[in-house]
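By convention in this document, chain letters (A, B, ...) are assigned in the order of the sequence lines, proteins followed by strands, and residues within each chain are numbered from 1. None of these values were measured; they are calculated from a predicted model.
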There are 2 protein chains.
Amino acid sequence: MSLRHGLLGLLAEGPASGYDLTQRFEKVVGPVWPAKHPQIYAELGRLATEGLIRVESEGPRGRKAYEITDAGLAEVRRWLVDTDPAQALRFEPLLRSFFFWLMEPDELAAHLDRESASYRQLATTYREYADAKDRGDFGFSPQTQSLRVAVEAGARIYTALAEWAQWAAERSRSPAAGRTGED
Amino acid sequence: MSLRHGLLGLLAEGPASGYDLTQRFEKVVGPVWPAKHPQIYAELGRLATEGLIRVESEGPRGRKAYEITDAGLAEVRRWLVDTDPAQALRFEPLLRSFFFWLMEPDELAAHLDRESASYRQLATTYREYADAKDRGDFGFSPQTQSLRVAVEAGARIYTALAEWAQWAAERSRSPAAGRTGED
DNA sequence: ACGGGCATGTAAGCGGTTACATGATTCG
DNA sequence: CGAATCATGTAACCGCTTACATGCCCGT
């Protein structure tokens with residue numbers, strides 16, 4: 001039940017339509033919590049009938065902007081404060097790592113090099129974004145400060161993954177059984 | 001479609017029953033790819049009818065051990081070598097971080113302290129496991145070497161998250177707008 | 001006028017969880 | 001003999017994705 005709280009959280013920043021929220025999910029929260037438009041529209045419907053959000057205005061081409069209600073704001077706060085986060089990190093590349101022994105060492109090294117490069121790329125993107133925020137490019141609203149913290153997590157995680165993949169690539173290239181005192 | 005390849009990968013180590021595989025998922029691969037028994041039994045059924053695995057032996061209490069076929073081994077190798085990993089990292093705690101601005105600074109700091117402690121705990125658990133493997137406690141089979149690499153990823157990611165949460169906690173405690181030259 | 005993006009939805013199907021159900025075997 | 005654990009499955013439901021479907025508005 002995280003999507004509903006994600007939507008409530010975004011609506012806490014101000015009114016938005018299903019379309020707007022779909023864009024936000026695609027661009028900003030997508031990397032940690034993907035959501036496509038059919039699911040978003042469906043959930044908005046449910047949230048509205050439960051009174052956690054309401055239609056704030058209707059615009060051109062049937063656009064409906066929703067705003068969060070007091071009940072909705074209370075609910076997202078309750079979620080943040082009273083429930084503790086589900087500790088599962090679903091990540092396919094790490095599932096694969098359990099089965100690396102099924103690959104030839106050279107295939108594996110090549111795979112890990114590519115992987116490392118792509119993590120490194122993500123890490124620099126997040127790092128640049130963080131720097132831009134620190135320069136004040138997006139202002140210093142509370143929301144922006146939270147985004148700054150989220151971006152920092154992205155930068156750190158992908159840095160760690162890039163280094164891990166590189167470490168693993170070197171390990172897979174080094175003669176099979178030399179296992180003491182590397183890294 | 002990652003569960004099927006996870007099952008094939010585990011079966012590549014040797015024959016196992018649905019029950020065995022459920023235990024393995026719960027204990028070892030669960031943290032990156034959770035799977036409950038009904039899903040596993042269902043998938044094993046499908047894999048068997050597709051000829052990627054076959055019943056190897058039947059034991060007490062209706063136990064059925066499956067073994068991987070040549071086709072199955074080819075399929076898991078194909079997955080590892082030819083397809084590139086789905087780059088989405090589904091992680092609720094990071095979704096929450098987008099909405100930290102909805103929490104009171106002291107609530108937030110307390111939340112992050114707890115979070116940091118639990119990541120640190122996970123990191124040390126993985127690190128100890130890694131050390132045990134390096135000491136040779138589990139032998140040096142290729143499978144064990146892969147597990148070693150997977151565990152390293154866990155240790156690094158949770159270390160990064162622990163440091164991130166601590167950084168964020170300090171940031172949330174420090175007077176609202178002091179934003180240059182910390183960390 | 002028309003193409004692209006805005007905007008909302010429905011339907012079918014897969015992936016995954018929870019609850020229900022059953023029975024065999026082993027160990028103390 | 002009873003409890004724990006081994007062992008397999010079914011049914012209902014929810015979460016999520018993919019494909020289908022429709023139409024409006026704005027800019028060139």
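When all heavy atoms of Ser116(A) and Ala165(A) are compared, the closest pair comes out as CB-CB, 3.6 Å. Heavy atoms only, all atoms of each residue included: Ile53(B) and Leu11(B) are closest at CG2-CD1, 3.7 Å. The heavy-atom pair separating Ala12(A) from Leu73(A) by the smallest distance is CB-CD1, 3.9 Å.
The interatomic distance linking Glu43(B) (CD) with dG9(D) (P) rounds to 14 Å, in whole Å. Remark: P of dT18(D) and NE2 of His37(A) are 12 Å apart, rounded to the nearest angstrom. One interatomic measurement links the two molecules: CD of Gln39(A) to C1' of dC14(D), which rounds to 10 Å at whole-angstrom precision. At whole-Å resolution of the value, CD in Glu26(A) and C1' in dA7(C) are 14 Å apart. Rounded to whole angstrom, the span from the CG atom of Leu44(A) across to the P atom of dC16(D) amounts to 14 Å. The distance from atom CD of Glu92(B) to atom P of dC16(D) is 11 Å, rounded to the nearest whole Å. Distance, Phe25(B) CZ to dG16(C) C1': 13 Å, rounded to whole Å. Whole-Å rounding puts the Lys36(A) NZ to dC14(C) P distance at 17 Å.
Under 4.0 angstrom from either OP1 or OP2 of dT8(D) there lies at least one side-chain N or O belonging to Tyr41(B). At the phosphate of dG9(D), OP1 or OP2 sits under 4.0 Å from a side-chain N or O atom of Lys64(B). Note on Tyr19(B): a side-chain N or O is less than 4.0 Å away from OP1 or OP2 of dC6(D).
A heavy-atom distance below 4.5 Å is not found between the side chains of Leu94(A) and Val29(B). Looking only at side-chain heavy atoms (C-beta outward), Trp101(A) and Gln145(B) stay at 4.5 Å or farther from each other.
Side-chain rings of Phe138(B) and Tyr129(B) approach one another, their centers coming within less than 6.0 Å.
Backbone-only contact: Ser17(B) has heavy atoms under 4.0 Å from sugar-phosphate atoms and none from a base. At the heavy-atom level, Arg90(B) lies under 4.0 Å from the strands shown only through sugar-phosphate atoms. As judged by a 4.0 angstrom heavy-atom cut-off over every strand, Arg46(B) is placed among residues making no nucleic acid contact.
In the set dG9(C), dT18(C), dT17(D), the nucleotide with an atom closest to the side chain of Tyr66(A) is dG9(C).
In the hydrophobic cluster analysis, where Ile, Leu, Val, Met, Phe, Trp and Tyr join through side-chain heavy atoms closer than 4.5 angstrom, Leu8(A) is grouped apart from Tyr41(A). A single hydrophobic cluster is not seen to contain both Val55(B) and Tyr19(B); linkage of ILVMFWY side chains at heavy-atom distances under 4.5 Å, directly or through other members, places them apart.
At least one cation-pi condition fails for Arg96(B) and Trp33(A): the charged atom is not both under 6.0 angstrom from the six-membered ring centre and inside a 45 degree cone around its axis.
Each end of the helix from dA1(C)-dT28(D) to dG28(C)-dC1(D) gets its own axis from five base pairs, and the two axes differ in direction by 20°, given to 10 degrees.
Nearest-nucleotide mapping onto DNA chain D: of Met1(A) and Arg63(B), the residue sitting toward the 5' end is Arg63(B). Along DNA chain D, the nucleotide nearest to Pro34(A) and the one nearest to Gln23(B) differ in position, and the one closer to the 5' end is contacted by Gln23(B).
For the residue pair Ser17(B) / Asp20(B), a side-chain donor-acceptor distance below 3.5 Å is found, with atom types taken as modelled.
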Practice item. Mark up nucleotides 22-28 of chain C, 5' to 3', with B wherever a protein heavy atom is under 4.0 angstrom from a base atom, S wherever such an atom reaches only the sugar-phosphate, and - elsewhere. Key: --BBS--
